[in-house]
Amino acid sequence: MRTATLGPAQRAESLAAMAERELDVLVVGAGVVGAGTALDAVTRGLSTGLVEARDWASGTSSRSSKLIHGGLRYLEMLDFALVREALKERGLLLERLAPHLVKPVPFLYPLQHKGWERLYAGSGVALYDAMSMARGHGRGLPIHRHLTRSHALRVAPALKKDALVGALQYYDAQMDDARFVATLVRTAVAYGAKAANRARVTGFLREGERVVGARVQDVEGGGEYEVRARQVVNATGVWTDDTQAMVGERGQFHVRASKGVHLVVPRDRISSTTGLILRTEKSVLFVIPWGRHWIVGTTDTDWDLDKAHPAASSADIDYVLEHVNSVLRVPLTRDDVEGVYAGLRPLLAGESDATSKLSREHTVAHPVPGLVVVAGGKYTTYRVMAKDAVDEAVRGLDQRVADCVTEDVPLIGAEGYRALWNARARIAARTGLHVVRVEHLLNRFGAMAEEVLDLVAEDPSLGEPLQFADDYLRAEIVYAASHEGARHLDDVLTRRTRISIETFDRGTRSAREAAELMASVLGWDKDHIEREVQHYEKRVEAERESQRQPDDLTADAARLGAPDIVPL
């Protein structure tokens, strides 16, 4: 079983190794595309480095709708190529690459007009299923079905009777986006890539007009490294233009940011056995099952303020609540909202000013020798974007390089997952954990759950749940720091787990316990633990304050009231 450890020692070793000898490929940015690019490059036999200024998936890739989908609404735009590509990737992830992380999820589409709408929407969903089957990767999902109004209301009692005349139900897939990226990074490292988070690129190394590497600042330790590489890939998403500015080149395209806001509410607030997809005047609104919660979103508005911490305003929250309440029998209120998060989509700028009309396709360019830029796209098609980026980088290498193989490279944890799932009752009996806990671990770590269980075997207290976030075991916090590269409390509460959006206190009551568990791995003293807790509490308060503000400008100003990193 292939594995990789991303602890403090491995991070230091990776930074030193990247500076020691020239790499074939250096990837800048560890969102889903950057992490996927590193995996693609290293599995072609190229020496590969990956650096990230903050944490894995700390930008867009931890703040999505958490869906792996073909993009049903793109059929309406007649973008068949994009849908076909995405459906193939959805199938690969469900069946081969990450069955432990990517799961089927049903959606109900309420029909509001008799006759023509069922024919129109039904034809679209039928085509969606047919295109999936045609790619040979759709057999793992049930096909769509037509429901009468009474049947739809049995499936989703939360809906108002007058909100629909009937419905369609179809399937897509979902995942924990930040966990997926961390697993991608670990998989790349397992195949030999060097990776370091909290490692910021401050400039590019040049020889004439050619880019030959990057200056990398260790944000944690304060040192600076010169990392030389034959090809550098800029995979920085909404920061693409900023990164390009370091070489004095904006490039052949411009990336605009579109803000998407999501709300998280407890599962008992919406009575339904299925997710929902609703039309809005601008786009669509999803109600997505998420463990003991629902994720409701999203918005789609232009954003040109702080990219690191996009803020959800009071107006954003009202927009989402208003649209979901238009179909709910018992409306949601502000008091029902456990968590709120805002993310930025990196869209390729087009002629239209409306961000919902900008392209979800991606592009790859080679603006100067030695530097490849990849931008745009959808989470679902990250692997295709990564392949295209590495293909472009290979053109700049004076050697024969193997073709992309990631279609056949499962992420760590996938191998053996189904066998362990079948044995989950025996694992529960062996470990003394409830079978539900074992299922939770298998669906978050796959076969790597055995490593988490080893921690529990060494220290049985780690088999206890966190006191104020009992969906998660104490062992998961330790494992995040020892194996998954978590460097700060925020990394654990926001991305390795989802405590920051799944509890009404936004994780503040769990903060001290989690920090003390991390301290044993990262060597924190009492003062450092206190700084981590205080920083996290300030971040949460700044977010709460931003969500009370009426518009983007005031919300952004409020969110920036909290410092970005823990002061040393």
Applying side-chain contact (heavy atoms from CB on, under 4.5 Å) to Thr60 and Asp177, what does each step give before you reach the verdict?
CA-CA 9 Å; Thr60 305; Asp177 46 9; over 6 Å; no
Show your reasoning for whether side-chain contact (heavy atoms from CB on, under 4.5 Å) applies to Glu532 and Val492.
-> CA-CA 11 Å; Glu532 290 282 342; Val492 167; over 6 Å; no
Report task. Applying side-chain contact (heavy atoms from CB on, under 4.5 Å), run through Glu484 and Phe445 and close with a yes or a no. Result -> CA-CA 11 Å; Glu484 298 180 330; Phe445 303 97; 3.3 Å; yes
**Item:** Audit row: Arg544, Glu537, salt bridge (Lys or Arg N to Asp or Glu O under 4.0 Å) steps and yes/no
**Value:** CA-CA 11 Å; Arg544 286 188 186 277; Glu537 289 173 345; over 6 Å; no
Report task. Determine, step by step, whether Lys387 and Asp403 satisfy the salt bridge (Lys or Arg N to Asp or Glu O under 4.0 Å) criterion, reporting the C-alpha distance in whole Å, the side-chain angles of both residues, the deciding distance to 0.1 Å, and the verdict. Result -> CA-CA 9 Å; Lys387 172 187 177 298; Asp403 291 337; over 6 Å; no
>> Show, in sequence, the C-alpha distance, side-chain angles and deciding distance for Gln174 and Trp290, and conclude whether the side-chain contact (heavy atoms from CB on, under 4.5 Å) test is met.
In response: CA-CA 9 Å; Gln174 69 176 160; Trp290 180 256; 4.0 Å; yes
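Glu209 CD: 12 or fewer foreign heavy atoms inside a 6.0 Å radius. Enclosure of atom CZ in Arg200 is not indicated, since only 12 or fewer non-hydrogen atoms of other residues, nucleotides or ligands lie within 6.0 angstrom.
Side-chain contact between Val247 and Leu371: present, with at least one pair of heavy atoms (C-beta onward) separated by less than 4.5 Å. The closest side-chain heavy-atom distance from Thr37 to Val390 is below 4.5 Å. The shortest distance between side-chain heavy atoms of Arg506 and Val340 falls below 4.5 Å. The shortest distance between side-chain heavy atoms of Phe204 and Leu26 does not fall below 4.5 Å. Side-chain atoms of Val216 and Met18, non-hydrogen and from C-beta on, never get closer than 4.5 Å to each other. A heavy-atom distance below 4.5 Å is found between the side chains of Val401 and Leu46. When side chains are defined from C-beta on, His69 counts as touching Lys378, because their heavy atoms get closer than 4.5 Å. With contacts defined as side-chain heavy-atom distances shorter than 4.5 Å, the pair Val373/Pro367 qualifies.
Ion pairing between a basic and an acidic side chain is recognised when a charged N comes within 4.0 Å of a carboxylate O; Glu52 and Arg198 show no such pairing. Under a 4.0 Å N-O distance rule, the pair Asp525/Arg531 does not qualify as a salt bridge. Checked for salt-bridge contact, Glu407 and Lys88 meet the test: a charged N lies under 4.0 Å from a carboxylate O. Contact check on Glu543 versus Arg539 returns a salt bridge, with a Lys/Arg side-chain nitrogen under 4.0 Å from an Asp/Glu carboxylate oxygen. With respect to the salt-bridge test (charged N to carboxylate O, under 4.0 angstrom), the residues Arg54 and Asp491 do not qualify. The residues Glu476 and Arg498 are annotated as not salt-bridged, no charged nitrogen and carboxylate oxygen being separated by less than 4.0 angstrom. Remark: Glu220 engages Arg487 in a salt bridge, criterion side-chain N to carboxylate O under 4.0 Å. A salt bridge between Glu207 and Arg228 is present, with a side-chain N of the basic residue lying under 4.0 Å from a carboxylate O of the acidic one. Under a 4.0 Å N-O distance rule, the pair Asp55/Arg495 qualifies as a salt bridge.
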Exercise answer: donor-acceptor pairs, residues 182-193 side-chain atoms, under 3.5 Å, sequence neighbours excluded:
residue: Thr183; atom: OG1; partner: Arg179; partner atom: O; Å: 2.8
residue: Arg186; atom: NE; partner: Ala4; partner atom: O; Å: 2.9
residue: Arg186; atom: NE; partner: His483; partner atom: O; Å: 3.4
residue: Arg186; atom: NH1; partner: Tyr479; partner atom: OH; Å: 3.0
residue: Arg186; atom: NH2; partner: Thr3; partner atom: OG1; Å: 3.3
residue: Arg186; atom: NH2; partner: Ala4; partner atom: O; Å: 2.6
residue: Arg186; atom: NH2; partner: Glu451; partner atom: OE1; Å: 3.4
residue: Arg186; atom: NH2; partner: Tyr479; partner atom: OH; Å: 3.2
residue: Thr187; atom: OG1; partner: Thr183; partner atom: O; Å: 2.7
residue: Thr187; atom: OG1; partner: Ile412; partner atom: N; Å: 3.0

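Each of Arg230, Arg44, Lys194 was evaluated against Asp24; a single residue qualifies, Arg230, per the salt bridge (Lys or Arg N to Asp or Glu O under 4.0 Å) test.
Between the side chains of Glu545 and Gln549, at least one donor-acceptor pair of N or O atoms lies under 3.5 Å. There is a side-chain donor-acceptor pair under 3.5 Å between Ser258 and Asp300.
Under the side-chain contact (heavy atoms from CB on, under 4.5 Å) criterion, Thr406 pairs with Leu39, Asp40, Thr43, Arg383, Cys404, not counting sequence neighbours.
Put simply, the side chain of Ser520 gets close to the backbone of Leu517: a donor and an acceptor are under 3.5 Å apart. Checking side-chain atoms of Asn197 against main-chain N and O of Gly485 turns up a donor-acceptor pair under 3.5 Å.
Ring orientation note: the planes of His528 and Trp524 are close to parallel, at an angle under 30° on the 30°/60° scale.
Lys259 contributes atom NZ, which lies 3.5 Å from atom CG of Asp316 (distance to the nearest 0.5 angstrom). Rounded to the nearest 0.5 Å, atoms OG (Ser64) and CZ (Arg345) are 9.5 Å apart.
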